[in-house]
Structure formats: structure tokens, C-alpha cells
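To start, the structure under review is shown below, and the notes come after it.
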Amino acid sequence: MSSPRFCPYEEGIDSRSPNRNLAPLSAAVDLEHQLWVGGCRLADLAARYGTPLYVLDETTLRAGCQAYCHALARHYPGESLVLYASKAHGSLAMAALMASEGLGLDVVSAGELLTAIGGGVDPRNIVLHGNNKSCVELELALEHGVTVVLDNWLELGLLERLCNQRAQRVRLLIRFTPGIECHTHAYIRTGHVDSKFGFDLEELEAVLRRLATAPWAEVAGLHAHIGSQIFELQPHQDLAAIMVKALVRARELGHHPKDLNVGGGLGVRYVASDDPPAIGAWVQTVSAAVVAACHQHQQPLPRLLCEPGRSLVATAGLTLYQVGSRKEIPGVRTYVAVDGGMSDNPRPITYQSRYTACLPQRCRDAATDTVTVAGKHCESGDVLLHNIPLPPVASGDLLAVWATGAYNSSMASNYNRIPRPAAVLVHGGQAKLVQRRETHQDLLRWDILPEHLRQSGSVPIG
Ligand SMILES: *Cc1c(COP(=O)(O)O)cnc(C)c1O
């Protein structure tokens with residue numbers, strides 16, 4: 001390889017808070033206006049791994065983890081632990097990477113729990129969430145000694161029975177809804193009164209009383225999470241104050257809670273006009289609010305836990321597509337279709353989410369075209385980007401959509417029986433496959449054709 005000269009893709013990049021950029025920190029442009037990430041040319045990755053392809057930048061992932069950890073060390077005088085909310089992107093590689101940065105994991109199912117364990121995360125640094133955990137999931141948590149985030153009365157009864165059967169204690173964080181409204185999409189708001197998650201603030205007293213006489217339970221702390229893609233700091237500040245008050249009450253009732261888990265929710269930049277707070281500012285606000293509330297109530301500082309998902313992984317990721325057909329409707333719109341869509345990125349059709357894209361092989365060309373990027377699924381709503389400016393786009397071009405690292409691969413489906421994409425982790429000129437592309441055989445593996453429906457002409461695939 002000749003040594004191409006590079007300049008950064010994005011101007012004014014915030015290297016300390018990756019959630020504030022569109023592109024991964026390592027995104028760079030060479031003299032031929034080709035885009036590189038993690039020292040890999042995107043066109044080469046597409047040729048080698050095919051499209052659609054999820055590309056994850058290791059530098060950005062590590063920078064995000066370090067931003068949280070360093071800010072906590074700087075702004076919070078007590079102990080702290082960052083738990084990565086693994087539903088944002090779940091894979092063995094991501095679990096292992098997070099653990100290597102000293103993070104724990106927040107998991108919501110047996111599948112996510114086994115992924116965390118498989119990735120080498122210390123079970124003491126795993127918390128199990130869920131508003132309807134199954135017996136299997138709770139037993140798995142007990143077996144591995146992970147902390148359970150207690151969500152409801154049914155679960156309390158189940159845990160009591162399982163712990164007594166196994167003659168075991170369980171470490172609990174109690175989840176409650178703090179009654180905080182924040183400005184984000186209704187589907188990803190979780191802290192308001194009308195939420196399916198956790199106990200009502202009014203119920204908390206009864207739960208704490210009930211557990212005060214439960215030898216099987218150790219109330220290790222409290223948990224709340226107010227929502228996702230939040231750009232305001234005030235709700236997080238209010239939350240800290242409410243939580244410390246609840247902590248005081250728990251102590252009055254004879255518990256010895258050590259942990260205060262304030263959840264996640266910090267937003268990221270998806271389009272140029274998005275301006276989320278920096279990770280450092282979020283941590284500083286939360287830390288200051290917890291310290292102030294503890295001071296006011298004359299309480300010792302709890303261990304401060306937080307659970308960022310999106311802000312750790314979103315802007316580390318991009319999705320590479322190949323452009324296919326183009327449909328021009330004069331005076332109305334120009335559609336270009338890509339070889340993926342709502343199956344690999346369900347966020348636009350689910351939450352009307354917006355994204356930004358570029359042509360990685362001509363990324364400095366003037367944006368003289370305006371196109372709507374559609375997916376290939378049988379839904380008119382399967383549109384990834386509406387009316388975006390791009391250089392003239394032709395069939396065969398590669399298209400990169402920024403900031404797809406969170407809630408894309410983890411929410412991917414097989415709608416229209418389309419195999420899910422591969423994912424590669426890039427760093428220092430090397431690409432490592434971390435999720436292989438699904439095959440058509442994979443898709444047919446779960447189907448069973450009953451004998452009486454078999455046609456004489458049906459041909460087994462694979
Ligand atoms: C989804 C979720 C998170 C992470 O939210 P982000 O907005 O991705 O940071 C943290 N905690 C809980 C309980 C969650 O459900």
C-alpha cells in the first residue's frame with residue numbers, strides 16, 4: 001500500500017466525546033476523496049465482506065468508555081462503575097471490548113446475559129434488567145451471581161421462591177419510576193408515571209418494607225432510567241435528587257444500599273443540527289447532583305452506577321450499502337434504493353429517526369443531487385433518509401450511513417427473509433469480522449415442512 005495522505009472527515013471533531021460527532025473518530029479522507037475508517041478503506045471493506053455491512057470503529061468505542069470513566073474519576077469523589085447497556089449492540093466482541101475498558105454490562109434477557117458471560121464480563125459487574133423476566137432468566141442470574149434489578153411484585157415472589165429453593169441470597173437493585181418527563185420519543189421514554197418499567201415511586205415504600213424482613217434478599221441499591229436520546233441535563237439532575245431521597249428512606253428502613261444506578265439516556269448526534277451534551281458534562285451534572293443531595297441529607301456517598309448504551313456505540317458505527325435502482329418522479333422526488341433497509345436499521349420506520357449519509361468513494365464531491373434513500377423491503381415506509389443532499393448517485397455506488405452503531409444490529413430482523421448483515425471491527429488498518437453475515441440456509445434452518453404438505457417437486461435447499 002502506498003501511503004495515502006489523509007485529513008479528518010469531519011471538521012471540529014470532539015475527540016473526547018464521541019457522541020457529539022457524526023462519524024467515527026478515525027474517519028479520514030485520502031487524496032482521492034476516498035473514505036477510510038480505522039485505517040481501512042471503506043470500498044475495500046465492501047469488496048471483502050459484501051454489503052450491507054456494519055462497520056465498528058474500535059478507537060471510538062474505547063474513547064467513549066474512557067470519557068465516562070475519566071469523567072467519573074474527576075467529578076465523583078466516591079466509587080463508581082459504568083455499565084454498558086448491551087441492548088444497544090450485543091455481541092461477544094462488544095462485551096469483551098467493554099470489559100477490557102473496565103466496564104460492566106446491563107443485560108435484559110438470558111441471551112444478553114450469556115453474551116456478557118461469553119465475552120468474559122465479570123458476573124459481579126453484570127445487572128439483569130427486565131419487566132417480565134422468566135424463571136429461566138432469574139435462575140441463570142442466580143447461578144452466575146449477577147445482580148438482579150427488581151422490577152415488580154410477581155418477580156419478587158418468584159425470586160423469593162427460587163432463592164429459598166437454592167438456599168441462596170440475591171443482590172437486588174430496586175427499579176422505580178421517578179415521575180420525570182423528558183423530551184424524547186414516546187416509545188423511548190421510561191421515567192414518567194405511565195411506564196411499564198419498575199415500581200411506582202409510591203410503591204417503593206411497601207417494597208422496601210417487604211424486603212426488610214426477607215433474608216433471601218440484599219437490597220444493594222436503587223435504579224431508575226428516564227429514557228433515551230435525551231439532550232437535556234436537567235432531568236438527570238432532578239433524577240439524582242429523587243433517587244438520593246429514596247436511598248435515605250431505604251436506610252431508614254434498615255437496608256444498607258450501596259449502589260445508586262441512574263440509568264443511561266445521553267443523546268447522540270445523528271444529523272448536523274443535533275447538539276447533545278458532552279459525556280463529561282453529563283457525568284459532571286449527575287455527579288454534582290448526587291453529591292449535593294447526599295450532602296443535604298447528610299448521607300455517605302453511594303457507589304454511582306450509570307448505564308450508557310447509545311452514547312457509547314452509536315457514532316462508532318456506520319452501515320455500508322450498495323446503491324441499486326434509481327427512480328425519478330419529476331417534480332416530486334428521486335428515490336435511490338439500497339441493498340438493505342428496515343431489516344438492518346428499523347429506527348427510521350419505528351421512531352421516524354433521521355440519519356446522515358455520504359458516498360465513501362467520492363466524499364468531497366459537491367452535493368448537487370437530492371435523493372431519498374429507500375430500502376428494498378415491501379413497505380412504502382422503508383425509507384432510511386428523506387431528501388438528503390449527495391453528489392450525483394448512480395447504481396453501483398457505495399453509500400455510508402453514519403451513526404448506526406446503536407439499536408441497528410441489535411434490532412435487526414429477517415423481514416422479507418433477508419439475511420442480517422455482517423459486522424466488522426476496524427482498528428489500525430485491520431478489520432476483524434465480529435458477526436458473520438447470515439446465509440439463506442440460516443434463514444431456512446428454523447422451518448419445518450410437515451410431511452403432508454410436501455410437494456413431489458419441492459427441492460431441499462442446502
Ligand atoms: C435502554 C436502557 C439503557 C441505555 O439507554 P441509552 O439511551 O442507550 O443510553 C440503560 N438502562 C436501561 C434500564 C435501559 O433500558
Side-chain angles (χ1 to χ4, degrees), residues 17-20 61 64-65 67-68 71 81-90 94 98 103-109 112-113 116 125-133 137 141 146-152 155 172-178 180 182-192 195-199 221-233 235-236 239 243 259-270 274 276-279 282-283 285-286 304-317 347 350-351 353 403-411:
S17 193
N19 67 315
R20 289 177 46 75
L61 292 168
C65 296
Y68 272 100
L81 177 65
V82 182
L83 302 163
Y84 162 57
S86 67
K87 70 175 192 274
H89 168 110
M94 190 65 85
M98 294 293 169
L103 274 64
L105 250 64
D106 136 3
V107 301
V108 190
S109 66
E112 286 185 2
L113 176 52
N125 293 339
I126 299 177
V127 301
L128 175 66
H129 280 280
N131 67 317
N132 191 21
K133 302 175 190 77
E137 286 166 337
V146 317
T147 299
V148 174
V149 181
L150 183 69
D151 186 273
N152 57 69
E155 183 179 307
L172 295 178
L173 299 180
I174 303 173
R175 178 168 188 169
F176 68 101
T177 43
I180 290 175
C182 51
H183 298 112
T184 188
H185 194 287
Y187 291 4
I188 51 178
R189 245 183 262 156
T190 54
H192 53 304
S195 165
K196 71 169 182 171
F197 298 104
F199 295 97
L222 300 173
H223 172 275
H225 169 70
I226 55 176
S228 204
Q229 185 60 357
I230 300 169
F231 282 27
E232 308 154 280
L233 291 175
H236 296 283
L239 173 67
M243 292 192 80
D259 291 349
L260 199 70
N261 184 339
V262 297
L266 174 61
V268 310
R269 169 169 278 161
Y270 287 110
D274 288 339
I279 290 170
W282 187 91
V283 168
T285 300
V286 172
L304 181 56
L305 274 53
C306 62
E307 298 171 328
R310 189 190 309 269
S311 55
L312 280 177
V313 295
T315 65
R347 294 190 66 255
T350 312
Y351 312 115
S353 312
T404 60
Y407 304 110
N408 272 233
S409 82
S410 61
M411 294 179 102

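All ligand and atom numbering here is 1-based and tracks the order in the structure.
Distances between N or O atoms of G265 and those of ligand 1 include at least one value under 3.5 Å. Between G309 and ligand 1, a contact under 3.5 Å exists for at least one N or O pair. By the 3.5 Å distance cut-off applied to N or O atoms, R310 is counted among the residues near ligand 1.
Between H225 and H129, a ring centre-to-centre spacing not shorter than 6.0 Å is recorded.
The shell of residues lying under 4.0 angstrom from ligand 1, judged by heavy atoms, excludes S311.
Proximity to D106 (heavy-atom distance under 4.0 Å) selects the following atoms of ligand 1: 10 (C), 11 (N), 12 (C). Atom numbering of ligand 1 starts at 1 in the shown order; those under 4.0 Å from a heavy atom of H223 are 13 (C).
The backbone and the side chain of E307 each have at least one atom closer than 4.0 Å to an atom of ligand 1 (non-hydrogen atoms only). The residue F197 has no part lying near ligand 1, judged by heavy-atom distances below 4.0 Å. Counting heavy atoms under 4.0 Å from ligand 1, residue P308 touches it through the backbone alone.
Using modelled atom types, one finds a donor on one side chain and an acceptor on the other under 3.5 Å when comparing Y68 with S311. Judged purely by distance below 3.5 Å, without hydrogens or angles, the side chains of R310 and S228 pair a donor atom with an acceptor atom.
The side-chain heavy atoms of H236 and V262, taken from C-beta on, include no pair separated by under 4.5 Å.
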